[in-house]
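Reading through the structure tokens given below for one structure.
Numbering of residues begins at 1 and proceeds along the displayed sequence. Just follow the structure's listing: the first ligand is 1, and inside any ligand the first atom is 1. Excluded from the calculations below are hydrogen atoms, water molecules and symmetry mates; all remaining heavy atoms, backbone and side chain alike, are included.
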Amino acid sequence: MTGRVIMLVDFDYFFAQVEETRNPSIRDKPVVVCVYSGRSEDSGAVSTANYIARKLGVKSGMPIALAKAKLQNVEAVFLPVDNVFYEEVSERIMALLRNSADNFEQVGIDEAYLEVSQKTKGSFESVAELAQKVKAEVKAKHNLTCSIGVGPNKLVAKIAADIQKPDGLTIIKPEQVTVVLFPLPVDRLIGVGTKTKAKMQALRINTIGDLAKYDAQRLIEVFGKNLGLYFHNASLGIDDEPVRERGEAESISRISTLKEDTRDLSAILEKVDGLCEEIHADLLRSGHSFRTVGISAVMKDMSIRSRSRSFENRSSKLEVLKEAVKELFEKLLSESDLEVRRAGVKVSGLAKDEKSQRQLTSFIE
Ligand code: DGT
Ligand code: CA
């Protein structure tokens with residue numbers, strides 16, 4: 001199999017840019033979007049600011065009074081956050097982006113991962129064109145700019161997106177990953193905050209390259225097994241996390257008690273085939289397909305077992321679901337000698353099918 005091609009799309013100075021689209025006359029002024037605490041006129045913090053205000057020293061999280069001080073000699077625009085409006089715009093742009101991806105994962109209000117491995121046939125040569133198309137489309141339809149990072153996984157795509165902002169496009173091909181990552185400061189890696197950064201500095205780890213050279217075993221001793229291994233892999237640009245929808249309907253499941261406790265596969269299947277049919281009907285209604293099929297069983301001694309299987313391509317087919325459930329129960333029975341009392345089926349990694357996606361988008365726009 002060829003490798004993955006993943007984009008991270010991050011909208012520039014999102015709240016402030018959305019404010020600019022609603023009132024274009026403020027575009028050439030510093031725009032500061034604020035969370036007012038209400039205690040006194042200027043108490044509260046800066047949520048975000050456009051790049052004109054940033055050049056003059058305004059930053060997210062800064063007290064409003066300080067931002068005002070920095071902008072006292074210019075004609076600046078201070079606005080209160082309007083979360084309902086930003087959510088509305090976010091939903092529309094996300095629906096648009098979803099259509100450009102094989103797999104889609106929204107993270108936060110203004111960022112999303114688009115896996116485009118199939119669309120690009122795994123090639124980094126054609127991905128620039130695709131990314132430009134995405135940028136042109138959000139600009140034409142919503143008058144918004146974004147910065148896009150492309151890499152062989154989510155970790156690299158995210159780092160790439162931060163390299164050139166605003167309105168940037170940075171592509172890191174698999175063979176360039178370590179060369180690009182190594183000179184960057186360690187806190188460009190997700191999971192390295194102020195505290196971890198300080199701990200790493202004490203170990204003379206300042207850049208991602210320093211982290212990569214550091215003995216993995218020692219990292220595990222200092223940060224624990226999970227985190228230590230994560231940092232080691234991350235420093236080398238290794239990340240296997242799938243791009244997957246984090247929707248409201250994350251999974252659909254059904255469970256039922258068998259007529260009698262049994263180890264007979266056909267008796268179990270008789271029951272769970274019915275559960276599969278109910279789940280399938282739900283999927284058709286909601287227009288979702290699944291990536292992962294799981295089963296669970298409450299055994300005679302009331303212990304609970306579960307098994308699951310994920311597919312490379314999503315499906316919404318009843319036969320695929322039934323076949324996977326059968327295999328999983330076979331496996332479960334072969335790994336336990338207890339009788340089964342209750343049996344359950346679950347599908348997860350749900351995403352809207354392309355067809356219903358298109359309908360949704362055309363409805364919105
Ligand atoms: P960017 O991506 O660097 O061009 O700038 P933004 O403003 O899009 O920043 P990002 O992507 O980190 O955050 C997206 C939105 O989340 C941003 O427009 C406002 C909000 N936000 C970010 N940081 C803060 C913060 O420290 N406080 C508050 N209240 N909101 C924040
Ligand atoms: Ca952003």
Side-chain angles (χ1 to χ4, degrees), residues 6-23 26-39 42-68 70-71 76-94 96-98 104-114 131 134-135 137-139 142-151 154-170 184-185 187-195 197 246:
I6 292 169
M7 290 193 210
L8 189 261
V9 180
D10 178 2
F11 284 83
D12 302 318
Y13 62 102
F14 187 59
F15 293 0
Q17 198 185 180
V18 171
E19 291 292 351
E20 289 176 356
T21 64
R22 135 157 100 181
N23 181 4
I26 63 176
R27 249 182 212 287
D28 52 1
K29 297 176 187 148
V31 176
V32 185
V33 177
C34 304
V35 182
Y36 290 96
S37 70
R39 229 167 284 139
D42 278 348
S43 69
V46 171
S47 173
T48 196
N50 68 359
Y51 278 73
I52 303 177
R54 289 185 198 193
K55 279 210 185 83
L56 298 167
V58 178
K59 288 195 175 86
S60 287
M62 174 180 276
I64 296 168
L66 180 55
K68 288 211 163 152
K70 298 215 178 253
L71 301 175
V77 180
F78 285 79
L79 296 166
V81 284
D82 180 351
N83 287 307
V84 175
F85 183 51
Y86 310 147
E87 288 286 350
E88 209 177 284
V89 174
S90 171
E91 268 177 38
R92 293 182 190 190
I93 53 181
M94 291 300 160
L96 186 68
L97 294 181
R98 197 177 266 114
F104 181 81
E105 177 174 344
Q106 184 178 344
V107 274
I109 192 167
D110 77 331
E111 277 181 44
Y113 289 103
L114 281 66
V134 169
K135 284 165 76 84
E137 212 175 352
V138 288
K139 183 74 191 161
H142 298 284
N143 202 17
L144 290 169
T145 64
C146 59
S147 295
I148 297 185
V150 185
K154 295 204 285 189
L155 178 129
V156 175
K158 169 81 183 160
I159 291 175
D162 285 335
I163 289 177
Q164 200 201 336
K165 274 182 167 192
D167 203 10
L169 170 59
T170 305
L184 299 175
D187 59 359
R188 294 290 277 276
L189 296 173
I190 295 176
V192 183
T194 324
K195 276 190 196 160
K197 190 183 176 186
R246 301 183 195 173

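With K135 contributing its side chain and D167 its backbone, the two residues share a donor-acceptor pair below 3.5 Å.
Of all atoms in ligand 1, listed by their number and element, those nearer than 4.0 Å to a heavy atom of Y51 are 1 (P), 3 (O), 4 (O).
Considering only non-hydrogen protein atoms, atom 3 (O) of ligand 1 sits nearest to K165 NZ, 2.9 Å. Nearest protein heavy-atom neighbour of atom 17 (C) of ligand 1: T48 CB, 3.8 Å. Considering only non-hydrogen protein atoms, atom 15 (C) of ligand 1 sits nearest to F15 CE1, 3.9 Å. For atom 10 (P) of ligand 1, the nearest non-hydrogen atom of the protein is D110 OD2, 4.2 Å. Ranking protein heavy atoms by distance to atom 22 (C) of ligand 1, first place goes to S47 O, 3.9 Å.
Proximity of R54 to ligand 1, defined as any heavy-atom pair under 4.0 Å, is confined to the side chain (atoms from C-beta onward). By the criterion of a heavy-atom distance under 4.0 Å, the side chain of D10, and not its backbone, is placed next to ligand 1. When non-hydrogen atoms are compared, ligand 1 lies under 4.0 Å from neither the backbone nor the side chain of Y86.
In this structure the side chain of K154 never reaches within 4.5 angstrom of the side chain of L8, judged on heavy atoms. Side-chain contact check for V77 versus R27: every heavy-atom pair is 4.5 Å or farther apart.
With hydrogens and angles left out, the side-chain atoms of N143 and T21 include no donor and acceptor closer than 3.5 Å. A donor-acceptor contact under 3.5 angstrom links the side chains of R54 and T48, judged on distance only.
Only protein N, O or S atoms were considered, and those under 3.0 Å from the Ca ion (ligand 2) are D10 OD1, F11 O, D110 OD2.
Under the rule for a ring-ring contact (aromatic ring centres under 6.0 Å, His included), the partners of Y51 that lie at least two apart in sequence or sit in another chain are Y13.
Considering backbone and side-chain N/O of A16, none are found under 3.5 Å from N/O of ligand 1. Close N/O approach between D12 and ligand 1 is not found [any backbone or side-chain N/O within under 3.5 Å]. Between F14 and ligand 1, at least one pair of N/O atoms sits closer than 3.5 Å.
Here the options are K55, E20, Q17, the test is side chain to side chain donor-acceptor pair (under 3.5 Å), and the partner is N50; only E20 passes.
The closest approach between a heavy atom of E19 and any atom of ligand 1 is not below 4.0 Å.
Checking atom 12 (O) of ligand 1 against the protein gives no heavy-atom contact under 4.0 Å.
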